[in-house]
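Proteins come first, then strands; the chains are lettered A, B, ... in the order of their sequence lines, and each starts at number 1. Keep in mind it's a predicted model, so treat the numbers as computed, not measured.
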Amino acid sequence: MRLILALLLLLSCAARAGEPELLPPEKAFRFSARMADADRVEVRYEIAPGYYMYRDKFQFRADPASVSLDASQLPPGKIKKDEFFGEVQIYRGDMRFVLPLTMAGEPVPRFTLKAESQGCADIGVCYPPQEQKAEIKRVAFSSATPGAGLSPFLQSAPGAPASAAAPRSEPQSEDTLIAELFRGGFWALVMSFFGFGLLLALTPCVFPMIPILSGILVPHGEHLTHARGFALSLAYVLGMAITYALAGVAAGLLGTLLSSALQNPWVLSGFAAVFVLLALSMFGFYELQLPSALQSRLAVTTNKLNGGHFASVFVMGVLSALIVGPCVAAPLAGALLYIGQSGDGVLGGSALFAMALGMGVPLLAVGASAGALLPKAGPWMETVKCFFGMVLLGVAIYLVSPLLPAVVHMLAWAALLIIFAVYLHALDPLPHGAPGYRKLFKGVGVISLLAGVALLIGVLSGSRDVLQPLAGLRGAAAPAAQPALFRRVSNLPQLEEAIRAAAGKPVLLDFYADWCVTCKEMEAFTFTDGAVRKRLDEMVKLQVDVTANLDEHKALLKRFGLFGPPGIVFFDRQGNEIKGLRVIGFQLADKFAATLDLVLN
Amino acid sequence: MTRLLQALLIGTLAVLFAGAGYLFYQWKWEAGARPPDPVATGQIVLAAKFMGLDDKPQALEQWRGKVLVVNFWATWCAPCREEIPTFIKFQDQYGARGVQFVGLAIDQKERVGPYARDIGINYPVLVGGLESMDFARQVGNRRGVLPFTLVIDRSGKVVTTEIGILKPEKLESLLKPLL
């Protein structure tokens, strides 16, 4: 109670009384610009409620000066009677201007738009004239990149003025979409990240967490109440959330993320080991506990509150966040990209904390309902624990699979499936009149056994494909080895050389590493697709293998503002990067083909 | 009971973290929002120098010991123009009792001079370019808006800073105790 009071006190101190809350000018008059079509620029000002801008104070210039903009046709504004200036025209709300563009001499692919404007707030203050800038790229009418402190304008325009040709709809690459989210106020941003986390919870990324959490809850068996289940899962989720928040702060302060460090083979193996240990405890080899030395120390402080277990659960949450990290690489990369650029660790940390809480909501539900969802006692228990143990081992194998040769990988799966079958009594005779669930288990066990045996036979007969282990037994000739899809480049000069040599073809640059699970998935499922292949044939395909993480690799990553693979960057036929189209994270063939279409046109 | 306590503890912890994050954010983001130290700010203001309309540099130090009202304004700022007649009136009324108004125009001299003559400004007007908005931010105008007015007492301490129009009644109640 005292804690809560203290907190309230703190919060009330934070609320400052007094002067009117004024927005900083870049938020009061939010500026963005892009090409509306081939020869017109669309300039947008989102004017906050209670603020207005003077129509006659707008000035638009371009750099280089060979590009000129015609601002003579600004739409009429509302009339404001001013005691001193007479009747003036002002703008409020969401304003869009379409400015015709003329080029003297050689057309340029990009230019800088400099917009000068001046506005006031209704409470009776004015902002000094300000100049805002936007990089406008004419090629492919791509979205503008922001000037210092300004936000990019990525949304296609609903309700654009009739005079504006409808801007081409382009899929937003996921990383820019996230950066877009950072435009709102602090709380709007935190809420959007919370919602975003909720969405992420629907992706398979959270699956690995459910067995871990269940592994925490199941040992409590019948003693598990809703409150305790909820409290335990909350401890777990908080551990996860704080880890993400720290990652956000670190990215903000360091400017680069340690994501590659978190994905290096040793760390991955470490996590796999944690899963194996968890699994073994599921099989009843030991009770899952912290080392006794640590435990006794913790006991002094936390066990008094009967919460000694919470500390270990919290640590589990921390570890889980690191494990799931690569899976949510795309949204994380976007968020961290922005944080790294903004240098604002607090904002990033809070946003990621909220995102992780959102991701944790289903886990909390599992925790709170655990008493109802999970079996309470009886022979069920052992089987369920064993099942979770198997799932944990499966996650461990999945984690280290990029590091293992295919043979070892397949043998591991085979062993897992066969042992699982044994645990399900697949090899024991069913007693006469056995209950239904025993029959079901036996059935599942036999399937698992057969799959395991098939894998084992497959791998021993020379197959290296987990999904088609027995293909080698068909006797058909193995397909001829595919020629390498990508040309390798390893440093910036090589990349520039290769882009120059592309001679008018668009260029795809793929960042790859052996430990990058998403990269392997792209290779296996997306790059192999026929429609994708057809489009890739028209492009120059380059790849950087950053597994070794040499200085030249880091320089390349930094050049593109990436923290690590996966990341695919496109260049147009003139060799300029098409900023809005980056692919970060896994994309299915359909979506990737659509992205490629945009690059090609 | 203990379970309830646990749940409560963890819940509180969550709120605490969220609150701490928010506060830290506020503190960092809005650092300029905390009322600056009145004595230090007064020193900054009095140490500043700007061009006068006669192209001679003027130090604000020359008005130390008076009840000094420094008004940041511009000709392009309608609310600023609205309040200037009040200042003219007050300069007349209280000038003899030690009140000194000083206008600092964030503007071009070519526009300020004619305007000051037309409207009959009876106190010194100094001119600073757009860059003097940084000075305004330094002394408490964190959003860099106009009009912005500082009142400094005879000891050189900033008594109040006001964003937006200063109403005559308010100005009067501010000045009276300082005379």
Exceeds 12 heavy-atom contacts within 6.0 angstrom, atom NZ of A/K114
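Enclosed: over 12 neighbouring heavy atoms sit under 6.0 Å from NZ of A/K114.
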Residues, nucleotides or ligands: over 12 heavy atoms within 6.0 Å of B/R111 CZ
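No - once you tally the heavy atoms of other residues, nucleotides and ligands closer than 6.0 Å, there are 12 at most.
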Tell me the closest heavy-atom pair linking A/V125 and B/P147, and the distance in Å.
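Reported closest heavy-atom pair: CA-CD, 4.1 Å.
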Show the nearest heavy-atom pair for residues B/W76 and A/P128, with the distance to one decimal.
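The answer is CH2-CA, 3.2 Å.
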Rounded distance (nearest 0.5 Å) linking atom CD1 of A/I123 with atom CD1 of B/I165:
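It is 10.0 Å, given to the nearest 0.5 Å.
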Approximate separation, where rounding is to 0.5 Å, of A/Q130 CD and B/M133 CE:
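Here the rounded value is 11.5 Å.
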Does the side chain of B/P79 come within less than 4.5 Å of A/C126's, by heavy atoms?
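Side-chain contact under 4.5 Å: yes.
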Is [X] close to chain A through its backbone or its side chain, or both, or neither, when contacts mean heavy atoms under 4.5 Å?
{"X": "B/E162", "value": "neither"}
{"X": "B/T75", "value": "backbone"}
{"X": "B/A74", "value": "neither"}

Check whether A/L357 gets within reach of chain B through its side chain, its backbone, both or neither, counting any heavy atom under 4.5 Å.
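For A/L357, neither part sits under 4.5 Å from chain B.
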Counting heavy-atom pairs under 4.5 Å to chain B, which of A/P129, A/A241, A/A121 comes out on top?
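Maximum pair count with chain B is reached by A/P129.
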